[in-house]
Amino acid sequence: MSESGVAPRVADVRLSAFERIPWRRLILIVLAVVMGTVVVVGTYKTLTLDDAFSLEGWKNLVVQGIAQGAILAMIALGYSLVYGILRMINFAHGEVFMAGAFISFFFIDAYARSGFLNQSPILALSIVLVVAIVSSLSIAVLLERLAYRPLRNAPRLVPLITAIGASLFIQNAFRGFFGAQPRGYPQPDVLQGTISILGVDVRRVYVLVFIVAVVSMLVLRAFVARSRTGRSMRAVAEDREIASLMGINVDRTVRTTFALGGALAGIAAVLYGLAFQQVVFTMGFRPGIAAFTAAVLGGIGSISGAALGGFTLGILQAVGPQLFLSGFGIPSPNSVRDAFVFLVLVIVLIYRPGGLLGVSDPEKV
Amino acid sequence: MSRLRATVTAGALAGCVSIFLALVGLTDRFADLYFVGDQASFGRLMLVIAPFTVGAILAKPRVEGGEIRERTAGAAIGIGALAGAVAGLLLGAFAVFVSAFGVERINAVFVNVTPSMLEFITFGQPVVVGALILVAASTVAGAVGLGYRLLPVAVRKPVGSAVITVLVLGFLQRIVPITLDQLDLERNWLYSRSTGGLTWFGAGVVAAGAAGLSIFKQRKGADIRRRLSSRGTDDAGMNPLRAILLLIVFVILLAVPYVTGKVISEVLGTVLVFALLGLGLNIVVGYAGLLDLGYVFFFAVGAYATALLTGATLNTFTGSSPPALSADLNFYLAIPIVMLIAAGAGVLIGAPVLRLRGDYLALVTLGLGEMITVLIASPWLVPVVGGPNGMRGVSDASMFGFGFRDPQHFYYLALAFVLFAMFVSWRLAASRIGRAWTAMREDEQIAEAMGVSTTRFKLLAFAIGGAIGSLGGALFAVKIGSLTPASFNVFVSIQVLGIVILGGLGSLPGVVVGAAVLVGLPGLLREFEEYRLLFYGAALVLVMLLRPEGLIPNIRRSRELHEEDAAQDKWAGELAGDEHAAVGVSPEGESAG
């Protein structure tokens, strides 16, 4: 046992036939073929089912997917920005999102009860948005200051473990503060009902979600591309040491990055609340992972990548399980929806770790 | 001037921590858990623990301009008192604010702000008086915290261990008395029947005993340790003293369930199951350095494979039905098969993802862990694993008619498995495989260049770690006798990771201690249950920030983590011409092979 595993000395390397087979590649190819077949056959079978979904149904799923994707994209940007600058996965980013949703809940709930929300929805929602942004942003900045900055030069896994701990801590602190029961996020009357766009009835909330998300992503993109801070962010992402030699305040730039990610998560939180109408202390985990998947799918570290990944994953998540699985007669395919997200993550990381827009593979050591 | 600012900042931080503890509900939850007498409760401790800690931290001598600035005792204690006062002022202001704004209105948002909580933190007095008492208590706590650190070691250690022992015994007030009852020992002198905590007399005796022991250890400890570590006169045999000690430990381990009774045995069984999981994960994370966040995968595979192989049935609405695939094997025949399945699964999931960098690997494994939890709960797999309804009728692993479902019996089965896993881990660490893992963990590229086939060893780590983890699952299935998907979730992975990290990556005693602290304590104290995950999160962050090598470190691992410090110490040592400074890590840390 103890002898068998160690590679022999160079002199007597004579690979057996067993060892000459490129096992890894073989497994990957077989896996790809199997998955491809499942997808194609499943799609065909679903579409030819007797009680197949109507076109209307599919359209609705796609619209829902786009709205979800917009929210995912905004959370994904937080992962992507931080990863770009620190090469670190901010595992607690889902909790930053949750914080914004939970704290803004108390405001919107109060406004809904006093009637202010329906009297002047724009003003009320703006205040709620600002509250969510401020809370998410402060949590993100605090997190960076207290948990990550002291570990900036530690071995790679150390900050990741810290991030997991921080995630657990924030989640349960919120549970302690505000209780464990889910709460209903109110929706102003203006946003209820649907409007027809290109012949599809779209829920009004989804339209708001889409517009706000796209606008804020464009603003972010312009900010990173044009502003002075954006330039220092890109410089720090390129090479932290040289950037600091060039007179860039690295600490401040990192803080700004976390703040930006937090602000976007805050906006996403309000949109999520309005669209799905529920907040609970565990709500950060699954969207967090899904958003991370989206970031990886698009190419982590790039802004357009996160946006692309978000929308792609949103649509895949809404349509995929139905389309691929119901053909096989699997009952309620949506129950495996979360597993589906992870499957996408695993597949992307195995086959294309750089993501769809990836410039380079993330180094693999 | 900057000193003053730093002190005030530290005090403010302590105040925020105190307010946090109150808002989360910890202060109120522990209000009635007395450790001594009828006033000193853990809730009160929550009010002063933060200023005390900050005071102790402030006691560290400041280095300014390369010089260590010592302070006079009076000035130092003044600093502690100031920090404490600031903290107390904040907490007092919080109390005043709550009462002025209206408890009910705040309670609508912060569920733990209740009238009883307000009454507790203001000591039942009018709010302003209560706030003043808070300030005074905090000030004293800060000063005491700092003063404690200023004591000479010979005094500090005994005082410290006396206080800690009293606190621990007070904390264990539901366990120790039961044990004493089981042993037919008198308990009334030690624990008060009315408050539940220690009596003043009992606390005094315990404190004196702990202080005495500590002094004894200070005087004779080095001598005893030397005698224990030196081998006996003939090389082959063990040091007789050490052998006796081991024997005593073993006898205690065997006697525990019957000394402590069913309730505690139940908790100990869970601790051992998690220790087993921790030992498995320790191979993957601690030895091979691969962060696996989806360890629940192996736990689930072990549990469900055991259930299917030993003839469990599916729960249905009307009763039970046999699963689509199953066998009716003896538990001990099933175990090797379960381990093989888990090892195979480890290789299968490992093969495609092992080339990924560490943090990506972590997320992929997290994804795989989540996938299995979703899959076993999905209606899709109902005919195979029962879906949301789960399974029942798992074998109780009986051996010659002696079943292990009973918590007191289960303990022995679990203990045997844990000892087996520890032995395997211990031997592996010292083997070529273990050394290859170490090389790989420290620097993958160099290891590869030296002829270590990293892919193969990573797979091996996954396979062995998975097989041991599946034993944990198998035991869990035996212990409970039935399975529901709710038991298999991401928190199992996080819990096991917490155990391994708190105890110290790569350290076998560390895993056991980690399991005892993170699983045992919450299991024994129902007050704690709700805050378990909060505690886990805080523990993970604090351990990583303050002591990344864990409670009982593996010496090599801790050297890796402190490479920079060691280099700095060496450099400083050379400057000062002082050889002692060159020792970065104390050799006492060597506890695992």
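In the text below, chain A, chain B and the rest are named by the order of the sequence lines, each starting its count at 1.
For A:Phe342 and B:Phe297, the ring centers sit 6.0 Å or farther from each other.
Counting heavy-atom pairs closer than 4.5 Å to chain A, the top residue among B:Leu363, B:Asn112, B:Leu545, B:Val490 is B:Leu363. Among A:Ile161, A:Leu160, A:Leu345, the residue making the largest number of heavy-atom pairs under 4.5 Å with chain B is A:Ile161. For chain B, the option among A:Ala173, A:Ala180, A:Pro150 with the highest count of heavy-atom pairs below 4.5 Å is A:Ala173. Your options are B:Phe491, B:Tyr536, B:Phe20, B:Phe535, and the one with the most heavy-atom pairs under 4.5 Å with chain A is B:Phe20.
Taking both residues in full, the closest heavy atoms of A:Phe169 and B:Leu534 are given as O-CD1, 3.5 Å, listed atom of the first, atom of the second, then distance.
Of the atoms belonging to B:Leu533, heavy atoms from both backbone and side chain fall under 4.5 Å from chain A. When heavy atoms are compared at a cutoff of 4.5 Å, A:Phe91 approaches chain B solely by way of its side chain, counted from C-beta outward. Proximity to chain A is limited to the side chain of B:Leu293, based on heavy atoms less than 4.5 angstrom apart. Proximity to chain A is limited to the side chain of B:Ile494, based on heavy atoms less than 4.5 angstrom apart. For B:Ala377, no part lies near chain A; criterion is any non-hydrogen pair under 4.5 Å. Only the side chain of A:Phe285 comes within contact range of chain B, with heavy atoms under 4.5 Å apart. Heavy-atom distances place the side chain of A:Phe106, and not its backbone, under 4.5 Å from chain B. Heavy atoms closer than 4.5 Å to chain B are found in the side chain of A:Phe292, but not in its backbone. Contacts of A:Arg149 with chain B are absent, with no heavy-atom separation under 4.5 Å from either backbone or side chain. Proximity to chain A (any heavy atom under 4.5 Å) is restricted, for B:Leu375, to the side chain, taken from C-beta onward. In this structure, chain B has heavy atoms under 4.5 Å from both the backbone and the side chain of A:Leu343. For chain A, no part of B:Val113 is nearby; none of its heavy atoms comes within less than 4.5 Å.
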>> Assess the residue pair B:Glu370 and A:Ile289 against the criterion (side-chain contact (heavy atoms from CB on, under 4.5 Å)); give the C-alpha distance rounded to whole Å, side-chain angles, the decisive distance to 0.1 Å, and a yes or no.
In response: CA-CA 10 Å; B:Glu370 276 299 278; A:Ile289 300 287; over 6 Å; no
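Residues B:Leu497 and A:Ile164 are in side-chain contact: their nearest non-hydrogen atoms beyond the backbone lie under 4.5 Å apart. Between B:Val109 and A:Phe177, the closest side-chain pair of non-hydrogen atoms is not below 4.5 Å.
Counting non-hydrogen atoms of neighbouring residues, nucleotides and ligands closer than 6.0 angstrom, the CE atom of B:Met450 reaches no more than 12 such neighbours.
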